[in-house]
Structure formats: C-alpha cells, structure tokens
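Remember, it's 1-based here, ligands and their atoms both numbered in the order they're listed.
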Amino acid sequence: MKLVLLGPPGAGKGTQAAMLVERFAIPQISTGDMLRAAVREQTAMGIKAKEYMDAGGLVPDEVVIGIVRERLQLKDCKDGFILDGFPRTVPQADALQQTLADLGKDLDAVISLQVDIEALVERLTGRRSCADCGKGYHIKFDPPTTADICDACSGKLIQRDDDQEATIRNRMAVYHEQTAPLEDYYQQAKLLKSVDGMADISVVQEQILGILQAD
Ligand code: AP5
Ligand code: MG
Ligand code: ZN
C-alpha cells in the first residue's frame, strides 16, 4: 500500500501514520521527523534546515525531494509506505510522481485530513512527544498515564520547538499558500480521499481503514 497523508499542521498525520505502521508493517516516511533527526545530529543539512523550520517555513524543495528519493529506494519500502508531510508543494508532488515512475510504482491513495483551524492550534499547543522513542501524545486528547512521562519507554515528554503560537501561525499560512493546492492536484489525479479529521483518533483511523479496504 502506497499512501500519502495530507493535511495542515496538527491534522493528525503523524498520529494516524503510526497506527497504520503497526497494522500494515510498512514504514512511515515523515520528512519532518527526518529533518528533526538531522537537526539533532547537527549535520550540515540539519543546521540549514533548522532556520526554515524554526520560522515555520518550508525547507527548499530540492533538499526534501533528495531525502525522499533516497528513502523510497530502501528495501523496507518494497511492499509500501506511508508518506507523512511530503509532498507539500506542487514541485514536490511532481518529483514524487517521477520517482515512483522510475521505481515502477504508483500511489494507491492520498488521504486528506480535514480539521478546523481552531482545533489545530489546540492540538499543536498541547502536543508532547517522547525525547527517547518519539511516541506522540496530547495533554488533553491522548495523555500519558503519568504526566510528562512516556508510557512506552519512561522517557521524558517534550514540546517541539515549532509548536509556539507565532510559529504555528506561520506554518498554517504556508500550508494554505503552498500545500493546500495539492488537494486539487490529487483530486484531478483521482487519488484524493477526504476524511473528517475532527473525529476521535480511533474514529479517524477507522475511516482511513474503510477507504483502504474499498480501494
Ligand atoms: P512536520 O513535522 O511535517 O509538521 P507539520 O506538517 O506541521 O505537521 P505536524 O507534525 O505538526 O502535525 P501532524 O499532522 O503530524 O499532527 P499529529 O499527529 O502530531 O514538519 C515540520 C517542519 O519541517 C515544517 O514546518 C517544514 O519546515 C519542515 N518540512 C517537513 N516536511 C517538509 C517538506 N515536505 N517540504 C519542506 N519542508 C518540510 O497531531 C497533533 C496533536 O494532536 C498530537 O498531540 C495528537 O495527539 C493530537 N491529535 C491527533 N489526532 C487527533 C484527533 N483526531 N483528535 C484530537 N487530538 C488529536
Ligand atoms: Mg507530524
Ligand atoms: Zn518513549
């Protein structure tokens, strides 16, 4: 299964992708997670990318396209993958199509998570993730058993640098300008499936599974 999860910051792409990974044993390819790893490791690319990420802007297309192109060629993608946060611009979507064509593959679906803007801000300001294993939480909607401690590994829960309100506003604006046009792009390609992302996490997952079964 070859999927793209599309949606604004905080829509639930990472949350839903992690659940799909468990069920289907295919990798989640999150460009945001890969870029944050490069920032932590202080690679040359990570140091440059951090400037864009902290401002809530997009990292240049050629950088992310290169990362995804390499990632899709790894063996674990042979039975499918879930792209989370890529593509985010029309040139990225074109590059994805080209890369998949080169690999003799095709997307099965692009799932677009629809969430109201006020809900997005609440989700992002309340989001926490484990510093050790990366597992995601929300202080209100998906809290850990013990405050600030990861259920899976007892690691400390932290907040993302770009989850500050001013940065969140920029990320939203960038989404509307540069990423929202991909809805039309994938509608025209007859791949777009919209899901009500306002529902509870498990209900959103059920909707996605329903779409995948019908495909
Ligand atoms: P990225 O990491 O991709 O961030 P994003 O797109 O802004 O999305 P988020 O990760 O913030 O949200 P999500 O949809 O994954 O929501 P989540 O599941 O965590 O990108 C970060 C930055 O990297 C970008 O700004 C850019 O600079 C750069 N970048 C990345 N990819 C790039 C690309 N392709 N090109 C250029 N630059 C790129 O959920 C959010 C919270 O809500 C969680 O706490 C969760 O528990 C909770 N939640 C989830 N679902 C529900 C629900 N149904 N009900 C209630 N709460 C819920
Ligand atoms: Mg995410
Ligand atoms: Zn953990």
*Atom pair CG (L120) and CZ (R123), whose distance is rounded to the nearest 0.5 Å*: 6.5 Å

*How far does NZ of K50 sit from CZ of R36, to the nearest 0.5 angstrom?*
11.0 Å

Indicate yes or no for a side-chain donor-acceptor contact from [X] to the backbone of [Y] under 3.5 Å, with no hydrogens or angles considered.
X	Y	result
H138	E122	yes
K13	P8	yes
S112	S194	no
Q114	A11	no

What part of [X] sits under 4.0 Å from ligand 1 if we count only heavy atoms: the side chain, the backbone, both or neither?
X	answer
A199	backbone
R36	side chain
L58	both
D200	backbone
L35	side chain

Presence of salt bridge, [Y] and [X], under 4.0 angstrom:
X	Y	result
R127	D163	yes
D142	K135	no
D61	R88	no
D148	K156	no

So which heavy atom in the protein is nearest [atom], and how far is it from that ligand atom?
atom	answer
atom 23 (O) of ligand 1	M53 CE, 3.4 Å
atom 33 (C) of ligand 1	R88 CD, 3.2 Å
atom 15 (O) of ligand 1	G14 N, 2.9 Å
atom 12 (O) of ligand 1	G10 N, 2.8 Å
atom 16 (O) of ligand 1	G12 N, 3.2 Å
atom 43 (C) of ligand 1	Y137 O, 3.7 Å
atom 45 (C) of ligand 1	T15 OG1, 3.6 Å
atom 27 (O) of ligand 1	G57 O, 2.5 Å

Do any heavy atoms of [X] fall under 4.0 Å from ligand 1?
X	value
Q16	no
A55	no
G197	yes

*Given atoms SG of C133 and SG of C150, what angle do they subtend at the Zn ion (ligand 3), to the nearest 10 degrees?*
110°

*Taking the Zn ion (ligand 3) as the vertex, what is the angle from SG of C130 to SG of C153, given to 10 degrees?*
100°

Ignoring angles and geometry beyond distance, decide whether [X] reaches within less than 3.5 Å of ligand 1 through its nitrogen or oxygen atoms.
X	value
V59	yes
R128	no
D162	no
G7	no
P87	no
D84	no

Any idea which atoms of ligand 1 are less than 4.0 Å away from a heavy-atom of [X]?
X	answer
T31	30 (C), 31 (N), 32 (C), 33 (C), 34 (N)
A11	14 (O), 16 (O)
F141	55 (C), 56 (N)
P9	5 (P), 7 (O), 8 (O), 12 (O)
Q92	33 (C), 34 (N), 35 (N), 36 (C)
G32	1 (P), 2 (O), 20 (O), 30 (C), 31 (N)
L124	11 (O)

_Single-linkage hydrophobic cluster L83~L192, side-chain heavy atoms < 4.5 angstrom_ = yes

*Single-linkage hydrophobic cluster, 4.5 Å side-chain cutoff, L100 and V64 together*: yes

Closest heavy-atom contact between [X] and [Y]?
X	Y	result
Y52	L58	CD2-O, 3.4 Å
C150	Y137	SG-OH, 3.3 Å
P144	I149	CB-O, 3.2 Å
I26	F81	CD1-N, 3.8 Å
Y186	L96	OH-CD2, 4.0 Å

*asked:* What verdict does the side-chain contact (heavy atoms from CB on, under 4.5 Å) test give for F141 and D200, after you've listed the backbone C-alpha separation in whole Å, the side-chain angles of each residue and the deciding distance to 0.1 Å?
replied: CA-CA 8 Å; F141 304 123; D200 284 351; over 6 Å; no

*Check each of Q205, M172, R160, E122 against atom 10 (O) of ligand 1 and report the one with the nearest heavy atom.*
R160

